[in-house]
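Written below as structure tokens is the structure these notes are about.
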Amino acid sequence: MLGATGQIGRVTVRALAEDGWDVTAASRGGGRDEGWTGGVRAVAVDRDEPGALEGALGDGCDVLVDTVAFDRRHAAQVAALADRTGSAVVISSGAVYEDDRGRSFDTQGEPDGFPRYPVPVPETHRTVSAGDATYGTRKVGLEHELLALGDALPVTLLRAGAIHGKHCRTPRELYFVKRALDGRRRRVLAHGGLSRFHPVHVSNVAELIRLAAAQPASRVLNAADPEAPTVAEIGEAVDDVLGVTTETVLLPGAPPEGGIGETPWSGAHPVVYDMTAAGRELGYRPVTDYVRSLPETVEWLAARLRGREWALAFPKMARSYGEALFDYAAEDAWLERHGPEA
């Protein structure tokens, strides 16, 4: 298991161990603080260090699970282990898809650049071209290289949606949790609050990995929760967990000046992934859904925020979204000018 102490890795190590696997949990830090027992061996591995991955693998393994593969270079590392590996399960991303006009997550910042996918998106839908320019194009390159291995190394690639749950470095739920904890009782949501960016709880990803590990094949499968709530429904669900009530101001279109009403889920069109293939090929059934999993996530976020600046608690989130994510002064000024009209 590569990336064993990451958000996906922590849950998957437990799921595989409970399923009877002997798990070698590999991470840069070696998992010293995880307290793993019962069939789990923690090792320190830096995949960028020449020979480190091969050394950790030793004589080989039945399944290699790679949660931290991002490009063709990582695919080449996995391919080099094919003679000592029975099969592999590798995390990809829903960011690989593009619509029939060539729009993808890479173009969403452009005018009319947000993709309009079919609802839901099947695994057979077209993808962006492989390349080194963006996260999505690099993931496609990873997929192409691994699928080309064929019978030499069967690889299941999981195209994950918006991953949520504990230990997330860029937790979208923070958008609503912090506002509620800060006493904000009014929020603005663009696109009528109808934006949908299909989430997947980390335990559902772990379940897909567990099933794929026992049923090796070369394939691509989506990874998503059983439903894709709207951003307005997510805000209400967070309120319910925290026991607060928030007035929602809905804007019919895109965010106005200053990104007012823009959230980490915002989009002009829905992004919903088809999970039919996972059910058919693996017998997959979700472990949880968004609403049932939310209390644990909210509790974890609140604990992380306690007594800390949000940007220090979640530095990657701050780098990805910027300070404007919680620019209450700009939001209040906009509401003062446009609130009644909105």
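Under a 3.5 Å cut-off, the side chain of Arg185 and the backbone N or O of Val244 do not form any donor-acceptor pair. Under a 3.5 Å cut-off, the side chain of His74 and the backbone N or O of Leu142 do not form any donor-acceptor pair. Asp132 places no side-chain N or O within 3.5 Å of a backbone atom of Arg138 that could act as its donor or acceptor partner. Side-chain atoms of His198 do not come within 3.5 Å of backbone N or O of Ala224 as any donor-acceptor pair. Within the 3.5 Å criterion, the main-chain N or O of Pro216 finds no donor-acceptor partner in the side chain of Ser87.
For the ring pair (Phe, Tyr, Trp, His ring centres under 6.0 Å) with Phe314, the lone residue among Phe326, Trp300, Tyr321, Tyr175 that qualifies is Trp300. Each of Glu173, Glu247, Glu331 was checked for a salt bridge (charged side-chain N to carboxylate O under 4.0 Å, His left out) with Arg179, and the lone residue meeting it is Glu331. For the pairing with Arg184, the salt bridge (charged side-chain N to carboxylate O under 4.0 Å, His left out) check across Asp239, Asp332, Asp327 returns one residue only, Asp332.
Tyr97 and Asn222 form a side-chain donor-acceptor contact under 3.5 Å, judged by distance and modelled atom types alone. No side-chain donor from either of Ser93 and Arg159 sits under 3.5 Å from a side-chain acceptor of the other. Donor-acceptor pairing under 3.5 Å is recorded for the side chains of His164 and Asp225. Side-chain contact, Tyr328 with Asp182: a donor N or O sits under 3.5 Å from an acceptor N or O. A donor-acceptor contact under 3.5 angstrom links the side chains of Glu143 and Ser92, judged on distance only. Inspection of the Gln7 and Arg169 side chains reveals no N or O donor paired with an N or O acceptor under 3.5 Å. Using modelled atom types, one finds no donor on one side chain facing an acceptor on the other under 3.5 Å when comparing Thr107 with Ser104.
Here the shortest heavy-atom pairing between Glu323 and Ala311 reads OE2-CB, 3.9 Å. Smallest separation of non-hydrogen atoms from His191 and Pro255: NE2-CD, 3.8 Å.
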message = Set out, in order, the CA-CA distance, both residues' side-chain angles and the distance that settles side chain to side chain donor-acceptor pair (under 3.5 Å) for Thr156 and Arg219, then state yes or no.
response = CA-CA 5 Å; Thr156 297; Arg219 60 191 161 213; 3.0 Å; yes
query = Does the side-chain contact (heavy atoms from CB on, under 4.5 Å) test come out yes or no for Trp21 and Asp62, once each step is laid out?
reply = CA-CA 10 Å; Trp21 293 89; Asp62 294 311; 3.9 Å; yes
inquiry  = Run the salt bridge (charged side-chain N to carboxylate O under 4.0 Å, His left out) test on Arg187 and Glu236 for me, step by step, so that the C-alpha distance in whole Å, both residues' side-chain angles and the decisive distance to 0.1 Å come before the verdict.
reply    = CA-CA 11 Å; Arg187 57 175 165 246; Glu236 291 169 0; 5.8 Å; no
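At a threshold of 4.5 Å between non-hydrogen side-chain atoms, the residues Leu335 and Val249 count as touching.
Judged by a 6.0 Å distance limit and a 45° cone about the ring axis, Arg292 is not positioned over the six-membered ring of Tyr290.
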